[in-house]
Amino acid sequence: MSQEIPKQYDPAEDQAKWYSYWEQNGYFDADPDPQKPAHTIVIPLPNVTGALHMGHALNGTLQDLITRRKRMQGFVALWMPGTDHAGIATQAVVERRMLEEEGLTRHDIGRQALVNRIWKWKEVYEQRILGQLKSLGASCDWRRTRFTLDEVCSKAVRRTFFKLFKDGLIFRGKRLVNWDTYLQTAVADDEVFEEETQGFFWTFNYPVVEHDDFETGEKISFSTTRPETMLGDTAVCVHPSDERYAHLIGKKVKIPLNGRLIPIIADALLAKKEMGTGAVKVTPAHDPNDYACYTRNPQIGIINLLNPDGTFNENAGEYQGLDRYAVREKVVERMESLGRLEKIEDRLIPIKHSDRSKTPVEPYLSDQWFVKMETLAQNAIEGVEENRVRFYPARYAKTYLDWLGEKRDWCISRQLWWGHRIPVWSMSDLQKEPADKIAKSLEEIESQYSNNPLFVREMTDGPYGDGTILCNFLVCVDEGYPEVEDKLEQLGFTRDPDVLDTWFSSALWPHETLGWPDTDHNPPLNGEPDDSGNGTNTVLPYFYPGSVLVTSRDIITLWVARMVLTGLYNMGDVPFKHVHVHPKILDGFGSTMSKSKGNGVDPVDLIGKYGTDAVRFTIASFAGETQDVRLPVGYECPHCAEYIPQTKQHQDAKPKEGAKPRIKCPKCKKDFQYSSPNYTPDEGEPVARMVSDRFEYGRNFCNKFWNASRFAMLNLEGYAPGEIDPAALRLEDRWILSRLSTTAHEVDTFLDRYQFDAATRALRDFVWNEFCDWYLEMIKPRLRDDDQRPLAQRVLVGVLDALLRLLSPFAPFITEELWQRLKEFAPERGLLTPRPAEDSAMIAAWPALPKEWQDHSLEVRFGRLQETVIAVRNVRSIYNIPPATPMKLYMRCRPEVAADLNDVSAQFENLSRIVLEAAGAEIERPGGSASFTLGDADGYIPLEGLIDKEAELARQQKEAQKLRGLIAGTEGKLSNEGFISRAPEEIVQKTRETLEGYKKQLESVEAVIAALSE
RNA sequence: GGUCGCAUAGCUCAGUUGGUUAGAGCGCACGGUUCACAUCCGUGAGGUCGCAGGUUCAAGUCCUGCUGCGACCACCA
């Protein structure tokens, strides 16, 4: 029989086997069941082209753990999977590849061809990321997998946009955006990063002029890091209370480059007296602060200099067509030759770069679409303030509230081709007559429908003050009316070329995945219609609102806030009740893991090396509430698998004189290359994979549990299920049930609070330090005894059964393998009444163990037994007495303690190879004994000839010294008047008892010392 | 500059509402081939709880300041 259960747990085979078993049995499927409560988690949708990283692994493990437990607790537990089309990221990857491999840009192939290519790319990579999630054991309802650009999500996006447009919450405006001149798109503030670059800080001056073009001889100096923008200056600004410039306010200066006259204005928000010269040039179209100044002083005007590709336009005069950096040089030269350059300083300048193209972004004035945040944000704020959404840990609510409190309008347009195209058709600059005609045509279209599928906004304005009133039409079309779109285009309307910000569609994730806005059909399953709702969408109301969102703190604002906001807007209810924010995994030096730093371990490698369950268990042990976790990583020698910790040098090493960095393995002395952002390993060269030995924690635990179960199964011969009679239970049985019940309730409490680290610790401690170290050891003799075996087997199997259930959400594969194996031996089992085991551990009922089993006084009594055993082992170890050498134990103690000790006397032989000779109050210390004291019992082990008298004396002296210190401290406390009078009576009493205990122990020790000193 | 964290053993982390001797895993030292497990067993060493004040009978825990580290937000002519 033992040949059938290997000594070491081998995860690889089980993972594939059980995952498909679960899937085939539909255990992951979640369909509405009015008899059961729902539990819903939507996945923080990974980028479709991304690869699984440690953040995903942590995030996914926790969600799966929660989902699996809820499922066992009787919920219909839905974990909704899916991926994000990730606009810029995905388009950029495909474009880069296309350029590298074929030398083509998107403009070469056109919009539709590019989008087609990206779809193909998506099909391939979606399978990769979802497959990686599966290898993590994710129990998602894969039938419901959504993609933010699929049909279901597209409808939701169109409807939401339409509603917002109709409600006047979407508007088009000119704004300064971060413009990526390489990708030719606006990028959001959170899609840019700053890099300090060595640059210059120039100081120039403009001549002050009066009456048209009369130079007064005065000049105003100012500094800039971007001289080229002088061509677009529309004012010079000073602080209103700055006496140096007070007399100049209202006068003008001349831009020497083009002779344009611009006013000198006062603006307290823009100019700061103490900065630089106190005067500042104002370039509204190319600087956010200047733009803000312009909105306060619109009379100064605004001049845009840039073309989308970063060259200068016609407003730059003679500089038209030149790149911005070329213009910069020429402008500086020109100003210098005109004598207007005062000085040049070197300066480190933080320059914003686009995350995607890694090129510097330009502040750029362009037409963008915005969502008005005022009321939407306010509702989302109230959702959290009124605790309809709760953050765990609670402190993260502040991040959310602070950000929403700013109520900044949300720029939702992106100049990309990959995404949800903005559903607005427009026609601009119409004179009155054609405008009336168009209005009439639109009315005609509208009249054909009863439910207003299009919404028209007319705007009239004049381009730039020439008096002509022109009319613009903006028409938004609801989802599901392609024929209306065609008609508009026949009328000469053109569709807005922009697509929506990716976050616009992911903001709808909690309800769009459940089929909103379709109230008549359930969302499709595996792409096929699901008619089980009989004409209504039963899925949406059943699973919405969700239970908990599990995420990392960096998208609380971008994503969490926006989901709450759209959930309230579309559904009238928050999207989830809890938000659990888990820690981030950093490398051993405290930096975030990333490809560009070469410090990221690949969860797939870890799973390959340690097994899924080990990775999950270790990861769960990281997930506490207090701080981020550092994960020191290392390289695995490709020759001998030795683990070599990664150092900063490894991270930073770059090829030197053509030689690529190598690491020499300290074990096999061979060297190897490793994956690094700084070089590509040579073809055919063995490359070290990056792992982390921290995962041995989980692997060792799994192996321990495997072997404990193996032991149980090896001892189940003749097992017959039957009611366990509580009266027949032995001390160790009652103890392990007490501990099991305590542990199970702790695990529940911790998991309800999202304290996964504490939950894993409780389980590990119980399994290893209580179940294995003590209980299994103690029942070994009973399992060899025919009379005692049946009861011992029942308790053993019952505890193991409960453990398999408790561990299943943490380590689903090993528990399933053991569950199925255990079924062969014990198809019926349980505490205290046996029941048939369920078909799978993952659908077994979650343990609900009676609290009455928890027996504190019994645990105290048991603790004395443990202490005695440990004390004996200690003596054996200190005096180096071989395990086989027999020893005798005498215990001096109260009669009731003696009764306990006698009751379990056989265990002393079993656990520490010693015979309890006698116990009782009358016991005297035999000469030549090693001694120990436990507080309410003293132990003596006669070791005539085996112990070194001097050594034993020293040991006892040390013990006495420690006790004297404790007594002094405690006495000091008790002699403190304040303590006696102010501390609670209970504490004072406890302290007195403690002191008595110390004194007794010291007495015992001193008696031993006296005896030894004779 | 604002906000939120973090600092406890060589390393990575726990430490509930203040209350006996501050814990765990890894690592380290010593000893172990007893029929579940060497991915194991036994024993042990190792900490001025970042620094300085304060509150309290009592502070790793509460308050203030400082130092260092991290994240987010804002700003940077």
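In what follows, chains carry the letters A, B, and so on, assigned in the order in which the sequence lines appear, proteins first and then strands, with residues in each chain numbered from 1.
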Participant: Are A:Phe705 and A:Phe771 close enough, and set up right, to give a ring-ring contact (aromatic ring centres under 6.0 Å, His included), and what steps lead you there?
Facilitator: CA-CA 10 Å; A:Phe705 184 62; A:Phe771 184 61; 7.7 Å; no
Participant: NA contact type, A:Arg764, heavy-atom cut-off 4.0 Å: base, sugar-phosphate, or nothing?
Facilitator: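 A:Arg764: backbone/sugar contact only, no base atoms under 4.0 Å.
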Participant: Is A:Phe766 close to A:Leu803 at the side-chain level, that is, under 4.5 Å between some pair of heavy atoms?
Facilitator: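 Counting from C-beta outward, A:Leu803 and A:Phe766 do come under 4.5 Å.
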Participant: If I take atom CG in residue A:Asp554 and atom P in nucleotide B:rG70, what distance separates them, rounded to the nearest angstrom?
Facilitator: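 For the pair A:Asp554 CG and B:rG70 P, the rounded distance is 16 Å.
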Participant: For every nucleotide of nucleotides 4-19 of chain B, 5' to 3': is a protein heavy atom under 4.0 Å from its base (B), only from its sugar-phosphate (S), or from neither (-)?
Facilitator: SSSS----SSSS---B
Participant: For A:Ala951, check side chain to side chain contact (heavy atoms under 4.5 Å, CB included) against everything at least two apart and list the hits.
Facilitator: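 Only A:Tyr879, A:Asp948 meet the side chain to side chain contact (heavy atoms under 4.5 Å, CB included) criterion with A:Ala951.
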Participant: Grab the CG-C1' distance between A:Leu783 and B:rC35 for me, whole Å please.
Facilitator: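 Between C1' of B:rC35 and CG of A:Leu783: 13 Å.
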Participant: Would you mind checking if A:Asp757 and A:Arg761 are paired as a salt bridge, meaning a charged N to carboxylate O distance below 4.0 Å?
Facilitator: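 Looking at A:Arg761 and A:Asp757, the cut-off is met.
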Participant: Rounded to the nearest angstrom, tell me the gap between atom CG in A:Asp402 and atom C1' in B:rC72.
Facilitator: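 Interatomic distance, CG of A:Asp402 to C1' of B:rC72: 10 Å.
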Participant: Just to be sure I understand the rule, does A:Lys962 reach a base, reach only the sugar-phosphate, or reach nothing, if contact means heavy atoms closer than 4.0 Å?
Facilitator: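 Here A:Lys962 touches the bases of the nucleic acid.
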Participant: Can you check the A:Asn976 CG to B:rU56 P distance for me, whole Å?
Facilitator: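 For the pair A:Asn976 CG and B:rU56 P, the rounded distance is 13 Å.
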Participant: Measure the distance from CG on A:Asn910 to C1' on B:rC35 and round it to the nearest whole Å.
Facilitator: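 One finds 14 Å between C1' of B:rC35 and CG of A:Asn910, rounded.
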Participant: What string of B, S and - do you get for nucleotides 37-48 of chain B, 5' to 3', when a contact is any protein heavy atom under 4.0 Å?
Facilitator: B-BSSSSS----
Participant: Heavy-atom distance under 4.5 Å between the side chains of A:Ile619 and A:Phe695, does that happen here?
Facilitator: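 Sidechains of A:Phe695 and A:Ile619: in contact.
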Participant: Provide, to the nearest angstrom, the distance between the CZ atom belonging to A:Arg784 and the P atom belonging to B:rC35.
Facilitator: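 Those two atoms, CZ and P, are 11 Å apart.
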Participant: Would you mind classifying the nucleic acid contact of A:Thr225 as base, sugar-phosphate or nothing, using non-hydrogen atoms under 4.0 angstrom?
Facilitator: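 Sugar-phosphate contact only - A:Thr225 comes under 4.0 Å of backbone atoms but never of a base.
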Participant: Once side chain to side chain contact (heavy atoms under 4.5 Å, CB included) is applied, do any residues pair with A:Thr557, and if so which ones, sequence neighbours excluded?
Facilitator: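 A:Thr557 satisfies side chain to side chain contact (heavy atoms under 4.5 Å, CB included) with A:Thr399, A:Trp403 once adjacent residues are dropped.
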Participant: Given atom CG of A:Leu1002 and atom P of B:rU21, what is their separation to the nearest angstrom?
Facilitator: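 Answer to the nearest Å: 16 Å.
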Participant: Main chain of A:Pro583, side chain of A:Asp628: is a donor-acceptor contact present, judged purely on distance under 3.5 Å?
Facilitator: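 Not a single qualifying donor-acceptor pair exists.
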Participant: When Watson-Crick pairs (N1 to N3 and N6-O4 or O6-N4) and G-U wobble pairs (N1-O2 and O6-N3) count only below 3.5 Å on both distances, what is the dot-bracket string of RNA chain B, with | for other-strand pairs?
Facilitator: (((((((..((((.....[...)))).(((((.......))))).....(((((..]....))))))))))))....
Participant: By the 4.0 Å heavy-atom rule, please label A:Phe222 as base, sugar-phosphate, or nothing.
Facilitator: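 Touches nothing.
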Participant: Pairs under 3.5 angstrom only: tabulate donor-acceptor contacts from the side chains of residues 988-1001 of chain A to other protein residues two or more places apart or in another chain.
Facilitator:
{"residue": "A:Thr991", "atom": "OG1", "partner": "A:Ile987", "partner atom": "O", "Å": "2.7"}
{"residue": "A:Thr994", "atom": "OG1", "partner": "A:Lys990", "partner atom": "O", "Å": "2.7"}
{"residue": "A:Lys999", "atom": "NZ", "partner": "A:Glu971", "partner atom": "OE2", "Å": "3.4"}

Participant: So, A:Asp409 side chain and A:Met373 main chain: donor-acceptor pair closer than 3.5 Å or not?
Facilitator: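 Judged by distance alone, yes, a pair lies under 3.5 Å.
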Participant: Just call it for A:Glu986: base, sugar-phosphate, or nothing, with non-hydrogen atoms closer than 4.0 Å on any strand.
Facilitator: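 It contacts nothing in the nucleic acid.
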Participant: Between B:rA36 atom P and A:Ile779 atom CD1, what is the distance in whole Å?
Facilitator: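 Atom CD1 in A:Ile779 sits about 12 Å away from atom P in B:rA36.
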Participant: Base, sugar-phosphate or nothing for A:Arg913? Non-hydrogen atoms, less than 4.0 Å.
Facilitator: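 Nothing: the residue A:Arg913, judged by heavy atoms under 4.0 Å, touches no strand.
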